[in-house]
Amino acid sequence: MTSPNPPKVAVLAGGVGAAKLLQGMVRAVPAPQVTAVVNTADDLVLHGLHISPDLDTITYTLADMVNPDTGWGLRGETWQAMEVLDRYGTPTWFRLGDRDLGTHLHRSGRLAAGAGLAEVTAEIANSWGLEATILPMTEEPVATMVTLNDGSEVDFQDYFVRLRHSVPIQSIRFVGAEDARSGPGVHDALSDASTVVIAPSNPIVSIGPLLAVADIAEALTTRRTDVVAVSPIVNGSALKGPADRMLRELGHEPSVVGVARIYRDVAATLVIDQADADLADQVVAEGLACVVTDTVMTNFDVATNLCRTILDVGDSR
Ligand code: FO1
């Protein structure tokens, strides 16, 4: 039986890790109660098209249409447009499948015609049948820039995809974040939710940009008790991507304790995996409550149980 007033949940989200958590969240509470506030600082313009990788990864995953081999792009993809670009000598290191291109064409056309990114994101989500709300963190341009150890600065996808995040880095900055305001609906989603969740996304380059937008950080700080973060680091490693290496290179501890230090001003609770149970006291010493459970989302059941555990933190307050 569904309760008469199911809780509203807002999830601060990056790409793949957040998408998996959201698959659990829409099973733990009715999907219309769930809002994802999604990083846009790794958006790019390529071949004249506006590409929003994290918004698309979340939309496709919730629609059960994500490419299972990559975790991004669409299921059943073909690559003929890339073959044509190869013929013209246009760089194709950032792979856009033929079906996925339809999304970027639609988004770019609508933006050029004057629509806002939030409006277009809703159109795309609705057309894939999503009941959850997907919101870009901002409609203003924010770009993650990465300074490599040789002193050169590259944009995020250059570092992440072209260089395969295999080069050491010195620093990260979010150009435009200082002046950016949260996008339409974000402020209300963060204030109306009974629980705000920080997904197990990369704390530096996925959640970092969201927290660099002043009114998002402020919304979390003012209701810190209701904010529950999930550690993307398990047993000292990131489950996917370079989060552990990035944390180390940028002077953070690549552990749940390092994650606790990053989130302690905005979250009151950190959820960590059983594998890190022996570090729970150190998380508590950083000023956060610590919940230990299974966080490695190998299937929907684990993801759903993780989300129920997160929501129980709210109920027990
Ligand atoms: N990741 C890759 O490693 N290689 C790619 O060629 C690539 C293309 C791509 C196209 C569309 C899209 O939505 C995502 C894509 N990604 C690709 C993933 C993306 O670079 C990252 O997952 C995010 O930006 C980090 O969250």
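Remember, it's 1-based here, ligands and their atoms both numbered in the order they're listed. Positions are given from 1, in the same order as the sequence printed here.
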Whether over 12 other heavy atoms sit under 6.0 Å from Arg181 CZ: no
Check the orientation of His165 and Tyr159. Use parallel for under 30°, tilted for 30 to 60°, and perpendicular for over 60°. tilted
Could you list which atoms of ligand 1 come closer than 4.0 Å to a heavy atom of Val161? 1 (N), 2 (C), 3 (O), 4 (N), 5 (C), 6 (O), 20 (O)
Cation-pi check, Arg162 to Phe94: give yes when NZ or CZ is under 6.0 Å from the six-membered ring centre and within 45° of the ring axis, no otherwise. no
Atoms of ligand 1 less than 4.0 Å from Arg95 heavy atoms? 5 (C), 6 (O), 8 (C), 9 (C), 10 (C)
Contact atoms of ligand 1, heavy-atom distance to Phe160 under 4.0 Å: 20 (O), 21 (C)
Identify, for atom 25 (C) of ligand 1, the protein heavy atom at the shortest distance, and state residue, atom and that distance. Asp42 OD2, 3.3 Å
Distance (rounded to the nearest 0.5 Å) between Asp54 CG and Thr40 OG1: 8.5 Å
Under 3.5 Å between any N/O of Gln157 and any N/O of ligand 1: does that happen in this structure? yes
Ligand 1 to Trp93, heavy atom cutoff 4.0 Å, flagged ligand atoms 6 (O)
Indicate yes or no: at least one non-hydrogen side-chain atom of Asp273 is less than 4.5 angstrom from one of Ser231. no
Heteroatom distance test (Asp56, ligand 1): nitrogen or oxygen, under 3.5 angstrom: no
State plainly whether the residues Arg107 and Asp56 are in salt-bridge range, i.e. N to O under 4.0 Å. yes
Quick one: which ligand 1 atoms are inside 4.0 Å of a heavy atom on Asp54? 23 (C), 25 (C), 26 (O)
Look at Arg110 together with Glu119 and state whether they make a salt bridge at an N to O cut-off of under 4.0 Å. yes
Taking atom CD as the centre, does Glu178 end up with more than 12 heavy-atom neighbours from other residues, nucleotides or ligands that are less than 6.0 angstrom away? no
Judging by distance only, is a nitrogen or oxygen of Ser206 under 3.5 angstrom from one on ligand 1? no
Pick one of side chain, backbone, both or neither for how Leu96 approaches ligand 1, counting any non-hydrogen atom pair under 4.0 Å. side chain
Any N or O on Asp100 sitting closer than 3.5 Å to an N or O of ligand 1? no
